[in-house]
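Quick notes on the structure that follows.
Chain identifiers are assigned alphabetically (A, B, ...) following the order of the sequence lines, protein sequences preceding nucleic acid strands; residue numbering begins at 1 within each chain.
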There are 2 protein chains.
Amino acid sequence: MKLSQGVEWGLHCVVLLAQDPDGAPVSRRTLAQQFALPETYLAKHLQALVRSGVLQATSGPKGGFRLARPPEEITALDVLEAIEGSASPFVCQEIRQRGTGGVPPEECRLPCTVSSVMAAAHEAWRASLRGVTVAEIRERLPKNVRERDVRATAPG
Amino acid sequence: MKLSQGVEWGLHCVVLLAQDPDGAPVSRRTLAQQFALPETYLAKHLQALVRSGVLQATSGPKGGFRLARPPEEITALDVLEAIEGSASPFVCQEIRQRGTGGVPPEECRLPCTVSSVMAAAHEAWRASLRGVTVAEIRERLPKNVRERDVRATAPG
DNA sequence: CGTATCGAGGACATCCAATGTCCACGATAC
DNA sequence: GTATCGTGGACATTGGATGTCCTCGATACG
C-alpha cells in the first residue's frame with residue numbers, strides 16, 4: 001500500500017496558498033520552485049485539485065492558482081481524495097464465490113465480513129483526515145514558516 | 001493507493017483455518033483450491049504469515065498450515081501487516097527542506113505538520129483493524145459458511 | 001533406507017500504474 | 001500581436017505487484 005507522492009505535494013501547495021487566500025494567483029512555476037518539484041508533473045496534480053473544486057485556476061499572464069474556498073472549509077481529505085481518488089484501497093474480489101468452497105451468488109448480496117472490516121478501517125481513516133482543515137494545518141506550522149511570503153523569493 | 005490482493009487471500013485463509021484451529025494442518029494446495037487461487041503465489045503470502053508468527057507451517061506429507069495462536073489473539077491488523085508490511089502509506093519526502101521556500105535542516109527535527117496529520121490517519125486505520133479479531137470475523141459469517149469443513153471437498 | 005509429499009526461498013518473466021516529459025491548444029494581460 | 005499562463009492528450013520510463021518455476025530441506029510411510 002502506497003500513497004502517491006502527489007498527495008504530499010498537493011497538501012503542501014494548498015497549505016502554502018492558504019497563507020494568502022485572497023492574494024494574487026500563484027503560478028505553477030512558482031509553486032514548483034517553492035518545493036523544487038517537477039513543474040509539468042505538479043501541474044497534473046494541480047489540475048486534479050481544480051477539477052475537485054479545491055483550487056481555482058486563472059489563465060493568462062498573472063494567472064495561476066488560488067483556493068476555491070476559505071481554508072477553514074478545505075479538509076485534508078478533500079485534498080487527498082482530489083489527487084488519489086476516493087476508492088477504497090481494499091477491493092473485494094469475491095473469492096468466497098470461487099473454488100471448492102464457493103458460496104452461491106444468491107448468498108452474496110451483502111458484502112462479505114472481510115470486506116466490511118476493511119471498509120470500516122477505511123472509513124476511520126477518512127474520518128481522521130476529514131477532521132483536519134487546511135487552516136488548522138497552517139496554524140500548526142512554525143511561526144517563521146507560517147508567515148512566509150509565497151512570492152517573495154520567486155526569481156524572474 | 002491500493003492494497004495487495006494478497007490481503008484478501010490471507011484474511012480469508014486465516015479465517016478458514018480458524019474454523020478448525022486444532023485440526024490437522026491444511027496444505028497450500030487445499031487452501032488454494034478452496035478459493036481458486038494460484039497456488040505458488042498464494043504460498044508467498046502464506047510464508048509471510050508464517051514469518052510474522054500468524055501461521056505455523058509443518059513440512060512433509062500431511063503437512064501444511066495452521067494458526068500459530070488462538071483466533072481470539074489474531075487481529076485483522078496482524079494479518080494485514082504480515083502481508084503488506086507495517087510501513088505508513090504516506091512517505092514524507094521532506095519537500096519543505098527543498099526549493100526556494102526551503103526550511104533549514106535544524107528546524108526539521110520534528111516531523112512536519114502534513115506528515116503528522118497523515119500519521120494520525122494511519123494510526124486510526126490501524127486501530128480500527130486492531131479492534132477486530134479473526135475469531136470475531138468467523139462469528140460474523142453466515143452459519144452454513146462458518147461451519148463448513150475445510151477438507152470436505154478437497155479432491156484427490 | 002527409499003520415495004513421495006510437503007513448505008522455504010530464490011530466479012525469473014510479465015503487467016500495470018505511478019512518475020515524468022513534451023507538445024498543441026485556448027485564454028488573457030499588456 | 002505577443003508573451004505568459006493553465007488544459008489536456010500522447011508518450012517514455014520505472015518500479016512494484018503478480019505469477020511461474022526450480023532447487024532444497026523436512027518428514028511421513030512403507
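Taking all atoms of both residues into account, the shortest heavy-atom contact from B/Glu8 to A/Val91 is OE1-O, 3.6 Å. For B/Ser115 against B/Cys92, the heavy-atom pair with the smallest separation is OG-CB, 3.8 Å. Nearest approach of B/Pro71 to B/Ala18, heavy atoms of both residues: CB-CB, 3.8 Å. The minimum heavy-atom distance linking A/Ser116 with B/Arg140 is given by the pair CB-NH2, 4.0 Å. Closest heavy-atom contact between B/Val79 and B/Gly10: CG1-C, 3.9 Å. Smallest separation of non-hydrogen atoms from A/Arg96 and A/Glu107: NH1-O, 4.4 Å.
Atom CG in B/Leu3 sits about 17 Å away from atom P in D/dG16, given to the nearest Å. The interatomic distance linking A/Gln5 (CD) with C/dA17 (P) rounds to 18 Å, in whole Å. Distance NZ (B/Lys2) to P (C/dC15): 17 Å, rounded to an integer number of Å. Taking atom CZ of A/Phe90 as the reference point, atom P of D/dA17 lies 16 Å away to the nearest angstrom. Rounded to whole Å, atom P of D/dA17 lies 17 Å from atom CG of B/Leu42. Going from atom NE2 of B/His45 over to atom C1' of C/dG9 covers 15 Å, rounded to whole Å. Spacing between atom CD of B/Gln56 and atom P of C/dA8 amounts to 11 Å, rounded to whole angstrom units. The separation between B/Leu46 atom CG and C/dG9 atom C1' is 14 Å, rounded to whole Å.
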Exercise for review: Test A/Glu72 against A/Arg138 for salt bridge (charged side-chain N to carboxylate O under 4.0 Å, His left out), laying out the working first.
Suggested key: CA-CA 10 Å; A/Glu72 294 80 10; A/Arg138 179 189 176 281; over 6 Å; no
Under 3.5 Å, which protein N or O atoms sit close to an N or O of nucleotides 22-29 of chain C? Give each pair with its distance.
none

Under-3.5 Å N/O pairs linking protein and nucleotides 11-15 of chain D:
none

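Side chains of A/Leu42 and A/Cys13 form a contact here, defined as non-hydrogen atoms less than 4.5 Å apart. Side chains of A/Met118 and B/Leu129 form a contact here, defined as non-hydrogen atoms less than 4.5 Å apart.
Nearer the 5' end of DNA chain C, as judged by each residue's closest nucleotide, is the contact made by B/Met1, out of B/Met1 and A/Glu39.
Of the possible polar contacts, none joining the B/Gln33 side chain to the A/Thr100 backbone as a donor-acceptor pair under 3.5 Å is found.
Note on the helix from C/dC1-D/dG30 to C/dC30-D/dG1: terminal axis deviation equals 20°, with five pairs used at each end and the result rounded to 10°.
Using a 30° and 60° split on the angle between ring planes, B/His122 and B/Trp125 fall in the parallel class, below 30°.
Partner of B/Asp78 under the salt bridge (Lys or Arg N to Asp or Glu O under 4.0 Å) criterion, chosen from B/Arg130, B/Arg69, B/Arg126: B/Arg69.
Considering only side-chain atoms of A/Tyr41, the nucleotide from C/dG7, C/dT21, D/dG19 that sits closest is C/dT21. Which of C/dA8, C/dG20, D/dG19 sits closest to the side chain of A/Pro38 comes down to C/dG20.
The phosphate of C/dG9 has OP1 or OP2 within less than 4.0 Å of a side-chain N or O from B/Arg51.
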